[in-house]
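Data first, discussion second: the structure below is written as structure tokens.
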Amino acid sequence: MNEFQVQGWCPGALRPMESGDGLVVRVRPPLGRLSQDQARGLAAAARAYGNGLIDLSARGNVQVRGVTAASHSALIVGLRGMDLIDASPEAEQRRNILVTPFADVETLRLASALAGALGQMPPLPGKFGFVVDSGPVPMMGDISGDIRLERAADGRLLIRCDGAALGAPVDDGAAAAVDLARWFVAAGGVSDGRGRMADLIGRGVRPTDALTGTVAPAPKAVLPQPGLVAQGALVGVAFGQMQAEALAGLADLGPLRMTPWRMLLIEGVSVMPALPGLITDPDDPIRRVEACSGAPACLQGRAAVRDLARRLAPQVPTGRLLHVSGCGKGCAHPGRADVTLVATAVGFDLILNGSPTDRAMKRGLDADAIDLGGLF
């Protein structure tokens, strides 16, 4: 039996989470942006107060790993000096806003207004989040977010409930988000401090009047790949983890924009960077594999997974996905993958065309003996 514990909340900077390699301190860059000075400072702080490893989360945040109880206070002082700390843990948790890295000025203005309106919202579950994908090219249709601000094909601003196909046209996106959050709580979306919009919509509950969805959002564009884009250069890192030195090197090139795809966008550059540890080739096999930290870095990990994931990556065909998970929780990729390997106390479970919680076709596989031949 692959047991795991669901925490029900995400780490922050002011409320870090204990892991196998120390405290995980999640920094939420305002509007998903880091200035060059902030990125350099964050890299230096990761070396000074952590173990030098930095994660890019699927929510467009940055995590400093290996922080200790003794070094945490000094790290917070440093982050506060970089304007990367909220006033309180409650304010930090509430500011769960994912902004498209391809935002135009109007989208950034909308995201800023939404951040300013968070104090008007009722208490929301720890993982309740917002997606602002109202830029000129919609990119985050597959990224979860309880309340979404998007554009219709004709350019109208829409607010959409996660789990609903249609959105409601609005003039003031921030005010509409406050109204929708209040409706979510009043409609019974929260139970024992937990709850997600998609679950409420899935029960057939719908908002009324101005918040009822009637318009389809514009179709999502093709998923971004490493390479040059209009705004600069997109670069990836294997499994979303980099050394502090890599972040410092990127900071020397330009301001950075966070993404939910374990990539960073370096603003204003016209040549792909040649720094060690970066993924710049969209055909790199490692991009076809998802893998969490695994043991021993994660307390719930049943086995090391990233070495296995690296070994198997060349066996994954283009356009297919392998997920190697340290436990049944599936943090790196909770959804479906072509092949999923889940570490258990007695080896790895093998799941085809499913998620880590689906029924395994094989159990107790030895990591050294796993081969993907014939599975794709």
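- The cluster map of Ile, Leu, Val, Met, Phe, Trp and Tyr, joined by side-chain heavy atoms under 4.5 Å apart, puts F102 and L31 in different clusters.
- Between the side chain of T340 and the backbone N or O of G354, at least one donor-acceptor pair lies under 3.5 Å.
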I would like to know whether V316 and L321 meet side chain to side chain contact (heavy atoms under 4.5 Å, CB included); could you show each step before the answer? CA-CA 7 Å; V316 182; L321 180 66; 5.9 Å; no
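- Ionic pairing of E150 and K220 is not present here: no N-O contact between side-chain nitrogen and carboxylate oxygen is shorter than 4.0 angstrom.
- Under the 4.5 Å side-chain contact rule for hydrophobic residues, F128 and I159 share a cluster.
- Under the 4.5 Å side-chain criterion, counting only non-hydrogen atoms from C-beta, V215 is not in contact with L166.
- In this structure a side-chain-to-backbone donor-acceptor pair under 3.5 Å is missing from S19 to G22.
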Go through E290 and F239 one step at a time and tell me if the side chain to side chain contact (heavy atoms under 4.5 Å, CB included) criterion holds. CA-CA 6 Å; E290 296 279 5; F239 311 122; over 6 Å; no
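- Salt bridge annotation for R194-D192: absent, with no cationic side-chain nitrogen under 4.0 angstrom from a carboxylate oxygen.
- In the hydrophobic clustering of ILVMFWY residues, with side-chain heavy atoms under 4.5 Å counting as a link, L53 and V237 come out apart.
- Between the side chain of T68 and the backbone N or O of S71 there is at least one donor-acceptor pair closer than 3.5 Å.
- Shown here for S325 and F348, the closest heavy-atom pair between the two residues is O-CE2, 4.3 Å.
- The hydrophobic cluster containing I147 also contains L211, counting ILVMFWY residues as joined when their side-chain heavy atoms lie under 4.5 angstrom apart, directly or transitively.
- Between the side chain of R257 and the backbone N or O of R33 there is no donor-acceptor pair closer than 3.5 Å.
- Using a 4.5 Å heavy-atom cutoff, the side chains of V235 and I279 are not in contact.
- Panel note: side chain D284, backbone D281; no donor-acceptor pair is recorded below 3.5 Å.
- Under a 3.5 Å cut-off, the side chain of N61 and the backbone N or O of R26 do not form any donor-acceptor pair.
- K127 and N96 make their closest contact through O-ND2, 3.6 Å (heavy atoms, listed as atom of the first residue, atom of the second, distance).
- Put simply, OG1 on T212 and CZ on R206 are 9.5 Å apart, with the number rounded to the nearest 0.5 Å.
- Closest non-hydrogen pair, A174 versus L110, comes out as N-CD1, 4.1 Å.
- In terms of heavy-atom proximity, P29 sits nearest to G60 at CD-O, 4.2 Å.
- Exactly one of T280, I266, V229 qualifies for a side chain to side chain contact (heavy atoms under 4.5 Å, CB included) with L234. That residue is V229.
- Closest heavy-atom contact between P30 and D83: CG-O, 4.1 Å.
- Contact between A233 and L228 at its shortest, heavy atoms only, is CB-CD2, 3.8 Å.
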Please walk me through it: do R15 and E92 pass salt bridge (Lys or Arg N to Asp or Glu O under 4.0 Å)? CA-CA 9 Å; R15 189 191 181 194; E92 178 182 63; over 6 Å; no
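- For D171, the CG atom sits in a loose shell: 12 or fewer heavy atoms of surrounding residues, nucleotides or ligands are nearer than 6.0 Å.
- By the 4.5 Å heavy-atom criterion applied to side chains, P125 and V190 are counted as neighbours.
- Using a cut-off of 4.0 Å between Lys/Arg side-chain N and Asp/Glu carboxylate O, R40 and D37 are scored as salt-bridged.
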Full working for side chain to side chain contact (heavy atoms under 4.5 Å, CB included) between D349 and L341: CA-CA 6 Å; D349 286 353; L341 294 168; over 6 Å; no
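- With contacts defined as side-chain heavy-atom distances shorter than 4.5 Å, the pair F130/L118 qualifies.
- With respect to R262 and D55, no salt bridge is recorded, no charged nitrogen being found less than 4.0 Å from a carboxylate O.
- Panel note: side chain H72, backbone A13; a donor-acceptor pair is recorded below 3.5 Å.
- Side-chain atoms of R160 come within 3.5 Å of backbone N or O of A164 as a donor-acceptor pair.
- Between W261 atom CH2 and L56 atom CG the span is 13.0 Å, to the nearest 0.5 Å.
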Evaluate the side chain to side chain donor-acceptor pair (under 3.5 Å) criterion for residues Q120 and R182: first the C-alpha distance (whole Å), next the side-chain angles of each, then the deciding distance (0.1 Å), finally the verdict. CA-CA 9 Å; Q120 304 173 39; R182 290 173 175 168; 4.8 Å; no
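- Looking only at side-chain heavy atoms (C-beta outward), V62 and L42 come within less than 4.5 Å of each other.
- The side-chain heavy atoms of L180 and M197, taken from C-beta on, include a pair separated by under 4.5 Å.
- Distance CZ/R28 to CD/Q63: 10.0 Å, rounded to 0.5 Å.
- Aromatic ring pairs are classed by plane angle as parallel below 30°, tilted from 30° to 60° and perpendicular above 60°; the pair H333 and H323 is perpendicular.
- V342 is listed as a side-chain neighbour of I351, based on a closest heavy-atom distance under 4.5 Å.
- In this structure, CG on D104 lies 9.0 Å from CZ on R109, to the nearest 0.5 angstrom.
- At least one donor-acceptor pair closer than 3.5 Å links the side chain of Q315 to the backbone N or O of L372.
- Classification of R95 and D86 as a salt-bridged pair holds, one side-chain N sitting under 4.0 Å from a carboxylate O.
- Here the CG atom belonging to L124 is positioned 8.5 Å from the CG atom belonging to D146, to the nearest 0.5 angstrom.
- Under the 3.5 Å distance criterion, the side-chain polar atoms of T259 are left unmatched by any main-chain donor or acceptor of L264.
- Using a 4.5 Å cut-off on side-chain heavy atoms (C-beta onward), D133 and L149 make no contact.
- Taking CG of D162 as the start and CZ of R148 as the end, the distance is 5.5 Å to the nearest 0.5 Å.
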Just do the side chain to side chain contact (heavy atoms under 4.5 Å, CB included) check on Q231 and L265 with the steps written out, would you? CA-CA 8 Å; Q231 297 84 0; L265 195 160; 3.9 Å; yes
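- Under the 4.5 Å side-chain heavy-atom criterion for ILVMFWY residues, a single connected hydrophobic cluster contains both M242 and L84.
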